[in-house]
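Treat the numbers as computed from the prediction; the structure is a model and nothing was measured.
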Amino acid sequence: MSTQKRISGYQKKLAMVIAVLAILLLWQSAAWTLPDFLMPGVPAVVVRLWEDIRASEFQAALSGSLLRLGLGYGFALLFGIGFGLIGGILFFFREVLKSAIIILQSIPSIAWVPLFLIMMGFGNMPMIVVIALSAFFPAALSVMNATESVLQVHVSAARVMGAGRWDMLRRVYLPAVMPELITGAQLAFGNAWRALISAEMLIGFGQGLGRSLAYAGETADMVGVMANILTIAVLATLIDQVILENLKRRVLRYQYV
């Protein structure tokens with residue numbers, strides 16, 4: 001009976017390269033069949049992106065988006081992991097929180113923007129709250145689901161040894177849920193990134209990648225639209241595959257030996 005083996009790091013990189021080339025080929029094929037004002041080709045967009053990178057407006061937009069992302073995503077992980085771990089020892093609280101998340105996560109994150117705009121006014125705060133809310137759900141759910149699979153024998157042994165609730169969280173539940181926690185953090189990042197771009201496009205406050213994309217669309221600048229889309233895709237991939245994936249490998253190195 002054959003057993004499936006984990007693919008090597010080289011194979012993962014090769015798969016990523018093939019996927020990127022396939023996307024670029026489809027893009028360029030569409031550019032060959034459509035007029036330039038509807039679909040610019042890859043070379044024209046890459047040249048425009050290189051010019052934008054050296055512009056101060058692009059750097060300000062990038063720093064604004066990353067600041068909002070860092071604050072919203074950071075708060076989401078902090079509260080998501082915290083509430084998820086508390087649910088590991090307070091079972092009724094876990095069920096209440098899980099039910100609330102199941103109800104609230106069905107609402108698209110962008111639907112919260114008008115409410116937060118009315119409550120908080122124009123500024124960074126409504127976007128940060130939307131980002132945090134959208135990323136909180138997968139982070140908390142992944143941790144709570146993982147706490148349910150913690151072996152009861154480990155919990156009983158810790159209690160026999162006199163572990164309090166804080167010790168249970170720190171020494172039993174946190175190590176046990178770490179794989180699901182890292183996976184939940186990656187899922188939360190995807191939600192946070194999409195919420196960031198959508199909120200920036202809708203609110204139109206300050207400088208950001210989403211606002212730059214919306215402005216390019218409003219002015220029918222298709223090269224600018226595709227350049228911004230390319231920037232958003234590349235940044236998201238770098239953050240997920242370079243930062244978060246490497247963090248996952250360091251934390252869960254025992255799974256990669």
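Remark: of the listed residues Glu200, Glu218, Glu57, Glu218 is the sole one forming a salt bridge (Lys or Arg N to Asp or Glu O under 4.0 Å) with Arg211. The residue from Val234, Ile229, Leu235 that alone fulfils the side chain to side chain contact (heavy atoms under 4.5 Å, CB included) condition with Thr231 is Leu235.
The side-chain heavy atoms of Leu38 and Met222, taken from C-beta on, include no pair separated by under 4.5 Å. Within the 4.5 Å cutoff, side-chain heavy atoms of Arg48 are placed close to those of Asp221. Using a 4.5 Å heavy-atom cutoff, the side chains of Arg194 and Asn191 are in contact. With a 4.5 Å cut-off on side-chain heavy atoms, Thr183 and Ser142 do not count as touching. For the pair Met16/Thr237, a side-chain contact is recorded, criterion being any heavy-atom separation below 4.5 Å from C-beta on. Between Trp193 and Leu69, some side-chain heavy-atom pair lies under the 4.5 Å cut-off. Looking at Arg68 and Ile131, their side chains come closer than 4.5 Å, going by heavy atoms from C-beta outward. For the pair Ser29 and Leu26, the minimum side-chain heavy-atom distance is 4.5 Å or more.
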Checklist entry - Step by step, would you call Ile110 with Val130 a side chain to side chain contact (heavy atoms under 4.5 Å, CB included)? => result CA-CA 7 Å; Ile110 200 67; Val130 168; 5.9 Å; no

Next on the checklist: Assess the residue pair Gln105 and Leu133 against the criterion (side chain to side chain contact (heavy atoms under 4.5 Å, CB included)); give the C-alpha distance rounded to whole Å, side-chain angles, the decisive distance to 0.1 Å, and a yes or no.
Outcome noted: CA-CA 9 Å; Gln105 73 174 354; Leu133 189 64; over 6 Å; no

Item to check | Stepwise side chain to side chain contact (heavy atoms under 4.5 Å, CB included) check, Ile203 with Leu117 | outcome: CA-CA 8 Å; Ile203 295 177; Leu117 276 178; 4.1 Å; yes

Next on the checklist: Does Lys98 form a side chain to side chain contact (heavy atoms under 4.5 Å, CB included) with Leu141? I'd like the steps, not just the answer.
Outcome noted: CA-CA 7 Å; Lys98 184 182 292 187; Leu141 271 180; 3.9 Å; yes

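We find the CG-CD1 distance between Leu187 and Ile182 to be 11.5 Å, quoted to the nearest 0.5 Å. In this structure, CD1 in Ile53 is found 9.5 Å from CD in Gln59, a value given to the nearest 0.5 Å. How far CD1 of Ile232 is from CG of Leu196: 8.5 Å, rounded to the nearest 0.5 Å. Separation of atoms CE (Met144) and CD (Glu95) is listed at 8.5 Å; rounding is to 0.5 Å. Atoms OG and CZ, on Ser63 and Phe58 in that order, are 10.0 Å from each other to the nearest 0.5 Å. Leu104 contributes atom CG, which lies 12.5 Å from atom OG of Ser134 (distance to the nearest 0.5 angstrom).
Taken together through direct or relayed side-chain contacts under 4.5 Å among Ile, Leu, Val, Met, Phe, Trp and Tyr, Ile239 and Leu230 form part of one hydrophobic cluster. When the side chains of ILVMFWY residues are joined at heavy-atom separations under 4.5 Å, either directly or via intervening members, Leu34 and Val225 end up in a single hydrophobic cluster. Ile101 and Ile107 end up in the same hydrophobic cluster when Ile, Leu, Val, Met, Phe, Trp and Tyr side chains are linked at under 4.5 Å. Following chains of ILVMFWY side-chain contacts shorter than 4.5 Å, one cannot reach Leu25 starting from Val42, and the two form parts of different hydrophobic clusters. Placement of Met120 and Val113 within a single hydrophobic cluster is found when ILVMFWY residues are connected by side-chain heavy-atom separations under 4.5 Å, directly or transitively.
Heavy atoms from other residues, nucleotides or ligands lying under 6.0 Å from CE of Met39 number more than 12. More than 12 heavy atoms of other residues, nucleotides or ligands sit less than 6.0 Å from atom CZ of Phe116.
Looking at every heavy atom in both residues, Leu77 comes nearest to Ala139 through CD2-CB, 4.2 Å. The two residues Ala60 and Gln207 make their nearest non-hydrogen contact at CB-OE1, 3.1 Å. In terms of heavy atoms, Ala76 sits closest to Ala132 at CB-O, 3.3 Å. In terms of heavy-atom proximity, Pro43 sits nearest to Gln28 at CD-OE1, 3.4 Å.
Between the side chain of Tyr73 and the main chain of Ala185, a donor-acceptor pair closer than 3.5 Å is present. A donor-acceptor pair under 3.5 Å is absent between the side-chain atoms of Ser65 and the main chain of Leu62, judged by distance alone. Without hydrogens or angle criteria, Trp27 side chain to Pro40 main chain gives a donor-acceptor distance under 3.5 Å. Looking at Asn228, its side chain does come within 3.5 Å of a backbone N or O of Gly224 through a donor-acceptor pair.
Between Phe93 and Phe83, the ring planes are tilted. Angles from 30° to 60° get that label.
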